[in-house]
**Student:** 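My questions all concern the structure below.
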Amino acid sequence: MPALLIAAVVIIAIVVARIRRKLALVPSPRLGGPVLGNAAAYATDPAAAVSAAEGQCGPIFSIQMLFLQNIWLRSNVLNKFYVNVKEDAWSFGWGMNLFLHPVVAPGYWDHLRTLVGSLNRCINRSEALDCYAAVARDEAVAGFAQWAHSDDTALFESASVLVHKVIVRCLMGPDFYYHNVDELSDLLHKVEADIGSIFNFVLPHWVPHPAAKRLWKARDRMQDIFRERLRERALDPSRWTNSEDYVSHTLRDRMTAHLQDFFPAHHTVLMFAAHTSTVASVSWTIAELIRSPERLAILRKELLETSDVHSSPLLQACFKETGRHYSGINMLRLARSPVTIPDSNVVVPAGAVVSISPYLTHHDPHNYYHATEWFPERWLEGGEQFRPAKSADEVTYLGFGAGSHRCPGEKMAGTIAREVVGELVRNYDFGWGASGPPKDFGALDFTKIGSPWLKGDAHIRITSMAKQ
Ligand code: HEM
């Protein structure tokens with residue numbers, strides 16, 4: 001009997017040793033003090049922390065964030081692998097759910113693909129984009145007339161108000177705009193303030209901590225707003241037959257009409273997906289044009305010579321460069337089943353968070369010449385400074401993502417941003433406000449979902465050229 005026991009222990013020890021040799025532990029850096037050092041370093045300066053971790057550990061490493069293991073993949077080839085892993089293995093939806101769970105109805109993520117599919121079919125049609133361009137122009141004209149009254153307009157904050165109005169009119173429709181636009185902006189800000197609460201990550205989802213209670217309240221109010229508006233629409237259906245707003249489309253689309261109960265959750269997610277990054281795109285482009293007056297003069301000439309703001313190569317290059325220079329620090333997936341990283345013996349376990357970094361990819365000098373400069377000309381014909389991905393196995397530009405979750409709102413965001421900035425460049429003289437230029441252009445706020453804003457904002461003044 002003891003001999004049998006010893007044999008069993010030896011066999012188990014051999015098997016365990018073999019498995020451990022096969023499944024190498026993901027290396028973890030030392031970025032600060034023990035226990036919470038890595039999480040604290042990441043929270044203070046995520047770009048510096050991830051770069052330092054890569055320097056210590058190579059392209060695959062793990063940063064422990066309290067109870068979550070966050071595994072990072074840092075190479076162009078791993079970017080490509082990452083964006084193509086399927087949802088059932090590395091889930092985008094369940095990654096979002098880690099912090100958005102208090103504001104989305106249970107079951108929403110199971111319908112994400114269907115709802116995103118309908119979004120793609122609706123907002124990328126030319127009729128819809130023409131309509132969104134007209135809405136953006138209209139809001140830009142009204143918004144800038146207001147901005148011109150002050151000699152110190154907070155750029156990101158004011159662009160946020162403008163973009164929010166455009167998004168509500170386009171995605172939700174004129175009735176939501178008329179009745180609820182300010183309240184929706186308020187809800188967005190409230191949700192933004194609480195969604196990053198550590199308690200959302202670490203406590204069971206049912207625990208009524210203060211941030212969760214506020215978020216549940218916002219979720220319930222969003223549901224009420226939708227109930228009210230959809231009830232009114234049902235009383236006058238003919239008015240909505242040809243409406244280009246996305247809510248109308250989802251009510252007409254037989255793939256989504258039955259998912260009405262999930263519309264409030266879907267539009268909460270979309271307010272995040274669409275708002276922060278579009279505001280960043282508009283605001284950073286305006287700020288960078290102020291910093292380069294010669295380029296602004298060339299762009300103004302180009303825009304005044306064409307009747308179509310969407311055909312200016314320099315304006316397009318400016319937005320592409322803003323998407324490169326001011327991109328999000330991370331993408332995030334929740335691993336649902338073990339996945340082996342190619343050409344390594346690392347297996348990402350189920351339950352880990354897996355990330356890549358658009359920001360660090362875009363600032364890698366091996367990928368971009370003068371990577372730390374905002375230099376839109378790199379994207380113009382003849383601007384050979386962009387080093388295209390070496391092969392089809394690499395991804396070096398992630399401004400709108402790539403692969404399975406590539407952004408469906410790229411055309412809509414581009415249309416809005418070109419209309420807004422085009423209106424400003426054509427009709428207004430603009431520069432820093434009375435409080436002067438921002439002290440530190442490198443102070444990026446990476447806490448938002450999407451592209452970073454500038455910490456402390458930037459203040460500008462605009463003057464109508466017609467009045468000069
Ligand atoms: C300049 C503005 C925008 C930028 C830079 C941007 C960027 C991105 C990126 C990088 C992703 C991929 C995220 C990932 O793979 O983890 C993404 C996904 C997504 N974006 Fe955008 N986005 C913008 C505007 C919009 C707009 C206007 C909408 C809605 C109308 C939108 C809706 C979405 C949705 C629904 C997804 C998830 C797609 C999926 O699950 O397959 N985005 N976006």
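Position 1 is the first residue of the sequence, and the numbers go up from there. Values reported hereafter were calculated over all heavy atoms of this structure, with side chains retained and with hydrogens, waters and symmetry mates removed. Both ligands and their constituent atoms are indexed starting at 1 by order of listing.
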**Student:** When you pair each N or O of ligand 1 with protein N or O atoms, which pairs come out under 3.5 Å?
**Tutor:**
residue, atom, partner, partner atom, Å
ligand 1, 15 (O), R333, NH2, 2.8
ligand 1, 16 (O), R333, NH1, 2.8
ligand 1, 40 (O), H405, ND1, 2.9
ligand 1, 41 (O), R113, NH2, 3.0
ligand 1, 41 (O), H405, ND1, 3.0

**Student:** Are any of the side-chain nitrogens in R221 or E183 under 4.0 Å away from the carboxylate oxygens of its partner?
**Tutor:** yes
**Student:** Parallel under 30°, tilted from 30 to 60°, perpendicular over 60°: which one fits the rings of F156 and W284?
**Tutor:** perpendicular
**Student:** Look at E373 together with R378 and state whether they make a salt bridge at an N to O cut-off of under 4.0 Å.
**Tutor:** no
**Student:** Taking side-chain hydrogen bond (donor to acceptor under 3.5 Å, both in side chains) as the definition, give me every residue that meets it alongside Q260, ordered by chain and number, with sequence neighbours left out.
**Tutor:** none
**Student:** Over 60° means perpendicular and under 30° means parallel, so tell me whether F81 and W90 are parallel, tilted or perpendicular.
**Tutor:** perpendicular
**Student:** Taking all atoms of both residues into account, what is the closest heavy-atom pair of H310 and A133, and its distance?
**Tutor:** NE2-CB, 4.3 Å
